[in-house]
Trainee: 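Structure in structure tokens, see below.
Whatever order the structure lists them in is the order used to number ligands and atoms, beginning at 1. Position 1 is the first residue of the sequence; numbering continues from there.
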Amino acid sequence: MTDWTDPDTFAQALEHAETREKGNCFEDFEERDVIEHDPGLTLTKWGNEVWMGQTLNHDPAYWRPDAAADRGFEEPPIHPDYLTAATLGITVEDLSEKGGYFLGRTDVRFAQDAVYPGTDMSVESEVVNTATSSSRPQYGIVSWRTRAKDLETDDLLMSYERTNMIPRREPLETDGGATATEEDDDNDLPETFVTPEGGYFEDFADALEIADEENGAVAYRHERGRTQDDVTVAQLPLATLNTAKQHHNVDVMADSPSGDIVTYGDVTRSTALGHARSDERTWREVGFDDESFHTFVTPGDTVYAFTRVLEATDDASSDEAGTVRFQHIAFNQDDTPVYSGTRIAEIRKRSN
Ligand SMILES: C/C(=C\C(=O)O)C(=O)SCCNC(=O)CCNC(=O)[C@H](O)C(C)(C)COP(=O)(O)OP(=O)(O)OC[C@H]1O[C@@H](n2cnc3c(N)ncnc32)[C@H](O)[C@@H]1OP(=O)(O)O
């Protein structure tokens, strides 16, 4: 009788067996296809707090009822970073589990009403673009518009457009692969870097004025760093039902370009944003644009943050705040940028 657990026999069995595959390849996506992501997700207080705690998003309005009330919330709401990560997390099984790279995201917008723990989400994505990758013939580039809604009321909670490199089932014929791109060596950094004196709206507006007079920029780094560990790399994405092997399968990832599991892009950016928010008086998050993930973050890497203030407008959803547009850059212990994106946030004004 064949002993299927005998290592030699089992090795042969594995060789003969077909693998029940997960995920979709580039060829499976057609423009205008709409994909509903099952099983959805209930946004819990636990998930919210684990996410915020580990990414250093410690704004008391998301933790304490009194601080929440002071900001006009009914109770500590779901943090927009967790909402974003959870929305993207449950799309992975259908969109990107096959592997590839999360290249970027733009037009990330949140509904004006806060989202509270206990909300059941339904999430769907529409394929908005498919393209060949000229540098990597074994991949194609796919963009989706993803929308998260409240399952009960059908209210839109957030939406964004995201782009990934997705493996092809059949690699394209190639005449030799990547063409070297010309390095843009232009380095015209301003001489003066201005740091805001505090974290209120007026501090950002004043700093922009000073920088303008001196032909400089409002740009500064944040002190905190967060080293990537088992919790940030594997636990946080799995808690959003993100099944990307990049984050939890060391065996497969050992043979990949990173040689290791990699941090979920939403963890990297949320950590950097947590550092940035610790130096400001956030009122509300409005949205993000032009988000890019420049290189891998792996266990043991430390995520730091750098901020540029681009614009301050005395106009917001509340008289208590003004609107600021930032560029945030996450970087690692070697000072290499790993993420960048612009962010629109309402920032509290000093009380008169
Ligand atoms: C959720 C999740 C995974 C998931 O979802 O399941 C994750 O969290 S995973 C962790 C986070 N992620 C990463 O760890 C990736 C880090 N990153 C890199 O490791 C490098 O960035 C690279 C190896 C991917 C590329 O490196 P690179 O080859 O040097 O980069 P580029 O040449 O700039 O881009 C190559 C081609 O992508 C086109 N391209 C780039 N950006 C955009 C964009 N925004 N929109 C449309 N097309 C874009 C570009 O136009 C070029 O197209 P062509 O192939 O046609 O030239």
Trainee: For this output row, return yes or no: ring centroids of F29 and W144 closer than 6.0 angstrom.
Mentor: yes
Trainee: Distance under 6.0 Å and angle within 45° of the ring axis: does R308 meet both against Y220?
Mentor: no
Trainee: For E285 and A345, work out which heavy atoms get closest and say how close.
Mentor: OE1-CB, 4.1 Å
Trainee: Can you confirm, on distance only, whether ligand 1 has an N/O atom lying under 3.5 Å from any N/O atom belonging to G265?
Mentor: yes
Trainee: Does F293 reach ligand 1 with a nitrogen or oxygen that is under 3.5 Å from one of the ligand's nitrogen or oxygen atoms?
Mentor: yes
Trainee: Under 4.0 angstrom from ligand 1, any heavy atom of H247?
Mentor: yes
Trainee: With heavy atoms under 4.0 Å as the rule, classify the contact between H294 and ligand 1 as side chain, backbone, both or neither.
Mentor: backbone
Trainee: Could you check whether any heavy atom of E291 sits closer than 4.0 Å to an atom of ligand 1, since that is the contact criterion I want to use?
Mentor: no
Trainee: Between I141 and ligand 1, which part of the residue brings a heavy atom under 4.0 Å of the ligand: side chain, backbone, both or neither?
Mentor: side chain
Trainee: Flag the pair Y139 / Y101 as yes when their ring centroid distance falls below 6.0 Å, and as no otherwise.
Mentor: yes
Trainee: Do you know the tightest heavy-atom contact between H248 and I261?
Mentor: N-CG2, 3.8 Å
Trainee: Under the criterion salt bridge (Lys or Arg N to Asp or Glu O under 4.0 Å), which of R325, R343, R109 is the partner of D289?
Mentor: R109
Trainee: Which pair of heavy atoms, one from R224 and one from Y304, lies closest together, and at what distance?
Mentor: O-CD2, 3.4 Å
Trainee: Is S96 in polar range of ligand 1, meaning some N or O pair under 3.5 Å apart?
Mentor: yes
Trainee: Identify, by atom number and element, the atoms of ligand 1 in contact range of T295, meaning under 4.0 Å from any of its heavy atoms.
Mentor: 16 (C), 17 (N), 18 (C), 19 (O)
Trainee: Would you mind running through ligand 1 and noting each atom that sits below 4.0 Å from a heavy atom of M165?
Mentor: 35 (C), 36 (C), 37 (O)
Trainee: Should D28 and K98 count as an ion pair when the cut-off is N to O under 4.0 Å?
Mentor: no
Trainee: Taking all non-hydrogen atoms of both residues into account, name the closest pair between T268 and A330 and its distance.
Mentor: CG2-CB, 4.2 Å
Trainee: Within ligand 1, which atoms have a heavy atom of Y264 less than 4.0 Å away?
Mentor: 1 (C), 8 (O)
Trainee: Could an N or O of ligand 1 be found under 3.5 Å from any N or O of N242, whether backbone or side chain?
Mentor: no
Trainee: Side chain of N249, backbone of V252: donor and acceptor closer than 3.5 Å?
Mentor: yes
Trainee: Over all heavy atoms of both residues, which pair between G265 and F293 is shortest? Give the atoms and the distance, please.
Mentor: O-CE2, 3.2 Å
Trainee: Heavy atoms only, cut-off 4.0 Å: how does N164 contact ligand 1, side chain, backbone, both, or neither?
Mentor: side chain
Trainee: Answer yes if the ring centres of F204 and F326 are under 6.0 angstrom apart, and no otherwise.
Mentor: yes
Trainee: Non-hydrogen atoms of T263 versus ligand 1: any pair closer than 4.0 Å?
Mentor: yes
Trainee: Does ligand 1 have a heavy atom under 4.0 Å from the side chain of F102, from its backbone, from both, or from neither?
Mentor: both
Trainee: Heavy atom under 4.0 Å from ligand 1: found in S134's side chain, backbone, both, or neither?
Mentor: both
Trainee: Using heavy-atom distances only, which candidate in P237, S292, S135 approaches atom 54 (O) of ligand 1 most closely?
Mentor: S135
Trainee: Which of the atoms in ligand 1, numbered in the order shown and given with their element, are less than 4.0 Å from a heavy-atom of Y101?
Mentor: 24 (C)
Trainee: Which ligand 1 atoms does A244 reach within 4.0 Å, using its non-hydrogen atoms?
Mentor: 6 (O)
Trainee: For S133, counting its heavy atoms only, list the atoms of ligand 1 lying under 4.0 Å from any of them.
Mentor: 53 (P), 54 (O), 55 (O)
Trainee: With respect to R136, determine whether any N or O atom, backbone or side chain, lies less than 3.5 Å from an N or O atom of ligand 1.
Mentor: yes
